[in-house]
Amino acid sequence: MFDLSGRTALVTGAGQGVGLGIAATLLEAGATVFVNDLVPERAEAAATALGPNAHALPFSVADRGAVTAAVEQAVATVGPIDILVNNAGIPPSMRPVKFRDMDPAEWAAYVDVNLYGVINCVSATIDAMCERGWGRVITISSGAGTQGLNIGVSMYGAGKGGAISFMRHLAVETARSGVTANTLALGLMARDDDEQARTVTAAMAKQVPVGRLGTGRDIGVTCVFLASDEAEWITGQTIAVNGGSVTT
Ligand SMILES: NC(=O)c1ccc[n+]([C@@H]2O[C@H](COP(=O)([O-])OP(=O)(O)OC[C@H]3O[C@@H](n4cnc5c(N)ncnc54)[C@H](O)[C@@H]3O)[C@@H](O)[C@H]2O)c1
């Protein structure tokens, strides 16, 4: 059950964090995985660490031409993309800032990666999925895309919410072609980069009903399920993966 042997996945923004966890879990389930990242060294290092069935594929999801060229190259060298996980979503410029305090020059970065990034990657892969009669698109969104939060993430939320809506329409348009399209709305995720982050993480964990923050593996196993043959009847959904945090 949930065997992904013979499937090829592309995980965007997978050089670190949640995306790296998703890539590792898809590999564990038998898939071949393209590890994308904006930072080429990050994609290369992650793919090397993940082993021979992982292939680095660096590009910016926000650059449509780069996405198309990279996917063409990937298909030519390894094979068609069966599973697309749109995980890239934190632009390098991200900082918490309320909308009224934001310089309009900052707006685009959030929408470019979170909405156009998803659209660009779907555009480069969806025709071949539909033609083959099988495909899985999973987009990593956030509670910031489903509810209002007073933590300075309005433009990030705009991109995340836009992608949720796009995915719902994509799901309905491609449902008769063997393709499913679902979104995961993540809650608070663990970041253990340094001591300060670990302290913040411990404090934040108390807010989560199950008592801990999420890990890349929590998200990875959900992706494995949604990417499996067995999940063919689940499409057009936005699934909260958040340790039981209440969402509206
Ligand atoms: N960390 C959280 O608490 C949290 C909560 C909810 C949702 N999310 C979502 O989970 C996903 C992963 O978050 P994370 O915390 O692991 O992020 P992260 O910043 O740790 O890693 C994301 C990776 O994406 C890459 N990236 C950024 N822009 C890119 C682009 N244009 N093209 C390709 N790669 C790009 C970065 O270089 C980085 O390596 C994001 O979509 C984020 O919005 C995270």
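Only heavy atoms go into these numbers, but all of them, side chains included; no hydrogens, no water, no symmetry mates. Keep in mind the model is a prediction, meaning the values are calculated, not measured. For ligands, and for the atoms within them, numbers begin at 1 and follow the listed sequence. Numbers here are sequence positions counted from 1.
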**Request:** Answer yes when Arg7 and Asp229 have at least one side-chain N-carboxylate O distance shorter than 4.0 Å, and no when they do not.
**Result:** yes

**Item:** Contact list for residues 164-186, test ring pair (Phe, Tyr, Trp, His ring centres under 6.0 Å), sequence neighbours left out
**Value:** none

**Message:** For the backbone of Glu106 and the side chain of Asp103, can you confirm whether one donor and one acceptor N or O come within less than 3.5 Å of each other?
**Reply:** no

**Request:** Could you tell me which residues satisfy ring-ring contact (aromatic ring centres under 6.0 Å, His included) with Phe34, sequence neighbours excluded, listed by chain and number?
**Result:** His55

**Request:** Using the side-chain hydrogen bond (donor to acceptor under 3.5 Å, both in side chains) rule, collect all pairs that involve residues 19-40, keeping only residues at least two apart or in two chains.
**Result:** Glu28-Arg217

**Message:** I'd like the contact residues of ligand 1, where contact means a heavy atom below 4.0 Å.
**Reply:** Gly13, Gln16, Gly17, Val18, Asn36, Asp37, Leu38, Val39, Arg42, Phe59, Ser60, Val61, Asn87, Ala88, Gly89, Ile90, Val113, Ile140, Ser141, Ser142, Tyr156, Lys160, Leu186, Gly187, Met189, Arg191

**Electrostatic pair Arg212:Asp218 at N-O distance under 4.0 angstrom** = yes

